[in-house]
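Please read the structure below before turning to the comments.
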Amino acid sequence: MREPAPKKASVVTLRINGREVTVPVGTSVAAALAMTDSFVSRADLSGRPRGPLCGMGVCFECRATIDGVPEVLMCLTPCREDQTVVTDA
Amino acid sequence: MREVCDLVVVGAGPGGLAAACRAAEAGLDVLVLDAQPEPGGQVWRGEARQGSNRLARRWLTRFSASGARFRPGARVIAAPEPGVLLVEEGPSSFAVRYGRAVLATGARERFLPFPGWTLPGVLGVSGLQVLVKDGLPIRGKRVVLAGTGPLLLAAAATIHSHGGEVLYIAEQASAASHWGFALQLWRQPAKLLQGALMSAKLVSVPTSTDAWVTAAEGERRLEAVRLSVRGREEHLHCDYLGAAYGLVPNLEVARLLSCETSAGAVVVDDRLETRVPKVHAVGELLGIGGVDQALVTGELAGLVAAEQPVPLELERSWHRVRTFAAQLARHDAPRAELLRLATPDTLLCRCEDVPMSALEGCQNLREARLYARLGMGACQGRTCGTAAQTLFGWTGEDVRPPCLPARIGSLRIPSDVSSTPTRES
Ligand SMILES: Cc1cc2nc3c(=O)[nH]c(=O)nc-3n(C[C@H](O)[C@H](O)[C@H](O)COP(=O)(O)OP(=O)(O)OC[C@H]3O[C@@H](n4cnc5c(N)ncnc54)[C@H](O)[C@@H]3O)c2cc1C
Ligand code: FES
């Protein structure tokens, strides 16, 4: 089976930690995080990096501040135009 | 804000959708709540947008025509009194007063700790699959998968079809158990076909039974994995590792409502009613059985809720899917070696950074929580609690509200909903 072709012009551009990322509509913010340099969503208590684990809202590893709202789960949030995502990593 | 309905359905996976369709088509006012932005649950995630799966398409179309109301992004966080649920939706919250409830909260993956499992790039098996479906760029990336059962192959097929390079599939089950299970699938034509199609696509991928991951390595993210393959060690460089061992039901909402559970599943009668009157449970909550079980039990519960007759064929299908669920449970049970991979400094609780060594002397989950802060973080023990139950044979604890982190304001019952005076807690 071939990968479905991306729909025409159906992309959105958001900012993750200040970096612009353009993704197909329907991409989750957690998936878009992998398009930045690092797949890191937060740091643990001793500063070691963490990334998304479960992809489905269970582990809370992917929490970030999205459009000013803290502690939002990136894996349950679709990317939107002009969205601002800040991780605490 | 508040909602009133005849039937509230928690979870919009195949189980919840089937229940909602049957009940709404019979004339009930049905409200469906799901934490996700779209209906479809785990197995049909993204299908509401792309729609390549025909079964999903059929049910999603039927759902939107059924008259049931759907609130996406709505997380059930508390059940302050019988017939009332508290729901958080983005920055706001509301209460639901319902006549009957169908719980269809599905399942999550079972994670077991091993050295390096906290490195970015290490995910669940289905967790990685879900992220790929949600747009994670996987083309040209090297992926190792370690887990068990049909979901391991399903994940491999998704990653492969999106251009990922699956380097190795490690199935923890023993060869005897694995092939015994595969042979049983002859009795399950649809599943066998699915399995055969998936394997055909993946013939070139090295796969082994009696194989599991022993460690993940890397500096700031995953760089390599160590596998135990039939007693020999393999070392593979890779970009992503999917490692998880089967599924466990999401029992939190059922426990909030005081539904009885046994052996990790909700106890129901033949009308799929839990021990709490007018509260039904369907799908993975009854024990892991996959999409067929979810649809059959969802339809059954929807018909019962609407006081409709249940067709004999549906009853028969239920007994069939139960047999499959029992076989799957035997196949997917984690082997003893997996319970000994973590070293004293491997973290068990990822939210509070609790290492294995901190649990010395603890006899149960309560002690582990009190003395070592296990499960006291954001995920409220969803990951480490399940792991601890598997590692140490501990049983689950009662769930206290909120069952998900929530804002204080969300826990207040609006006065027009409550039948009793609001208690301060
Ligand atoms: C990550 C993952 C991927 C999977 N992928 C596949 C696959 O590719 N193929 C396959 O055959 N099977 C897959 N499965 C197995 C899957 O469990 C079943 O096939 C099927 O989806 C079960 O249906 P269900 O209706 O019981 O639950 P689910 O489909 O899991 O649906 C449950 C729904 O309840 C919602 N929910 C849970 N708690 C709350 C709450 N407190 N408030 C609001 N909503 C809530 C969830 O958001 C979810 O949408 C997967 C399972 C997981 C965990
Ligand atoms: S990745 Fe686990 S909650 Fe988002």
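Basis for what follows: all heavy atoms, side chains included, without hydrogens, waters or symmetry-related copies. Naming convention: chains lettered A, B, ... in sequence-line order (proteins, then strands); numbering from 1 in each chain. Since this is a predicted model, take the numbers as computed values, not measurements.
- Residues B:Pro137 and A:Met35 form a side-chain contact, since some pair of their non-hydrogen atoms from C-beta on lies under 4.5 Å apart.
- In this structure, CZ in A:Phe60 is found 9.5 Å from OG1 in B:Thr383, a value given to the nearest 0.5 Å.
- The greatest number of non-hydrogen atom pairs below 4.5 Å with chain A, out of B:Gln36, B:Arg221, B:Gln129, B:Gln42, is found for B:Gln42.
- Your options are B:Ala244, B:Pro120, B:Gly135, and the one with the most heavy-atom pairs under 4.5 Å with chain A is B:Pro120.
- By the neighbour-count criterion of 12 heavy atoms within 6.0 Å, atom CD of A:Glu81 is densely surrounded, having more than that number from other residues, nucleotides or ligands.
- Taking non-hydrogen atoms and a 4.5 Å limit, the residue list of residues 347-358 of chain B in contact with chain A, ordered by number, reads B:Leu347, B:Arg350, B:Cys351, B:Glu352, B:Asp353.
- Residue A:Glu71 does not touch chain B at all, counting heavy-atom pairs closer than 4.5 Å.
- More than 12 heavy atoms of other residues, nucleotides or ligands shown are found within 6.0 angstrom of NZ on B:Lys133.
- Between chain B and the options A:Cys54, A:Pro78, A:Ala34, heavy-atom pairs under 4.5 Å are most frequent for A:Cys54.
- Residue contact with chain B, scored on non-hydrogen atoms closer than 4.5 Å, involves the backbone and the side chain of A:Val58 alike.
- Chain B forms the most heavy-atom pairs under 4.5 Å with one residue out of A:Gly51, A:Ala32, A:Pro49, and that residue is A:Pro49.
- Interface remark: of the candidates A:Ala31, A:Ala30, A:Gly26, A:Ala31 forms the most heavy-atom pairs closer than 4.5 Å to chain B.
- Taking 4.5 Å as the limit, some side-chain heavy atom of B:Thr118 sits within range of a side-chain heavy atom of A:Arg50.
- The stretch residues 24-38 of chain A participates, sequence neighbours left out, in these side-chain hydrogen bond (donor to acceptor under 3.5 Å, both in side chains) pairs: A:Arg19-A:Asp37.
- Put simply, CZ on B:Arg75 and CG on A:Leu73 are 6.5 Å apart, with the number rounded to the nearest 0.5 Å.
- Interatomic distance, B:Glu109 CD to A:Cys59 SG, rounded to the nearest 0.5 Å: 10.5 Å.
- Note that the CG atom of B:Leu131 and the CE atom of A:Met74 stand 10.0 Å from one another [nearest 0.5 Å].
- Of all the listed residues (B:Leu136, B:Val130, B:Leu128), the one sharing the greatest number of non-hydrogen pairs under 4.5 Å with chain A is B:Leu136.
- Contact annotation for B:Arg108: both backbone and side-chain heavy atoms come within less than 4.5 Å of a heavy atom of chain A.
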